[in-house]
Amino acid sequence: MDKIAKALVFDGMVKVAALDTTEIVQKAVELHHTSPVATVALGKVLTLAAYMDNEMKGADDRLSISIACDGPLESIVVAAVNGTVRGYVANPDVSLPALGNGKQNTSKAIGSGTVNVRKDLGLKDCYTGKSEIVNGSIDEDFAWYFTSSEGQPTALALSVNLDEAGNCTSAGGIVIQPMPGCPDHILVMLEDIAMNFVEIDRLVAQRDAHRLIDDYFGHFAIEYFDEVSPRYQCICSPHYMAGVVRSIGRAECVNILMERGSIEILCHFCNTKYIFDKQQVIDIWQEWDKTHKKN
Ligand SMILES: [Zn+2]
């Protein structure tokens, strides 16, 4: 089971989260048949989404992250709600030679672009944030996103390890965020700790989120919170997709029905295909008319 372990260190001045997202990333590989470089890029964003979702307070708060870029991946889209994440890349079969150190070249796959974050906090309360891609490592792109867009200094290290067949053997990472007013001498210590981020692949491969925090902060007093288990799950359903049919508009629905006899909607997050025949489309619009006449 995947895990998020969280803790406070330095007398509550620093928040630390460690994640094991191996099963989430492997699920993405199975659903989307992603190439190694696409798996690493998507897997890292899925990992961060699991973290950011866990940080949101309300059970129905919704998170969406999209990276629009000029590299061959073109875009990465990830969404999360209530402990579940889901995502896809525009071009899952992008193939690039690995770097000299064996790592996947996500920088080249992404190129330049922007990170866009939307947090829907219920009612009319919605937060949007945006920052530039720094170097396509995802790690540095999101460290910069948190710092520049959310005003939250952040150090983070992510890792997605694959076997020769391209399956995910381990994925996860660590996110470190100082609280407001954190004294300078602690920030200096955090910089020292971040020097050891080069070890992240090996530490994530242990698949033990709790131990990952110990590995970095074991010399200090750590106050742990309960662990939670994020998972990959899509939220699509016939009911949800009926809303997508309505978003096409009545006239366009008629056009598609005349041309093809039914309306097909593909959920990009889980590749489930929904087919609405003529009668079902009529029902969707009659239902809409009924509910809108009442008001
Ligand atoms: Zn779906």
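Numbering of ligands and ligand atoms starts at 1, following listing order. Predicted model, so just to flag it, every value in this text is computed and none were measured.
No cation-pi contact links Lys6 to Phe225, judged by a cut-off of 6.0 Å to the six-membered ring centre and 45° from its axis.
Defined by atom type and a distance below 3.5 Å, a donor-acceptor pair is present between the side-chain atoms of Gln177 and Thr154. Side-chain contact, Tyr224 with Asp214: a donor N or O sits under 3.5 Å from an acceptor N or O.
Salt-bridge check for Arg231 with Glu23: failed, with every basic side-chain N at 4.0 Å or more from each acidic carboxylate O.
Because the distance cut-off is set at 2.8 Å, His268 fails to qualify as a neighbour of the Zn ion (ligand 1), as none of its N, O or S atoms comes that close.
Computed with the Zn ion (ligand 1) at the centre, the Cys234 SG to Cys270 SG angle is 120°, stated to 10 degrees. Considering the Zn ion (ligand 1) as centre, the angle to SG of Cys236 and to SG of Cys267 is 110° (10° rounding).
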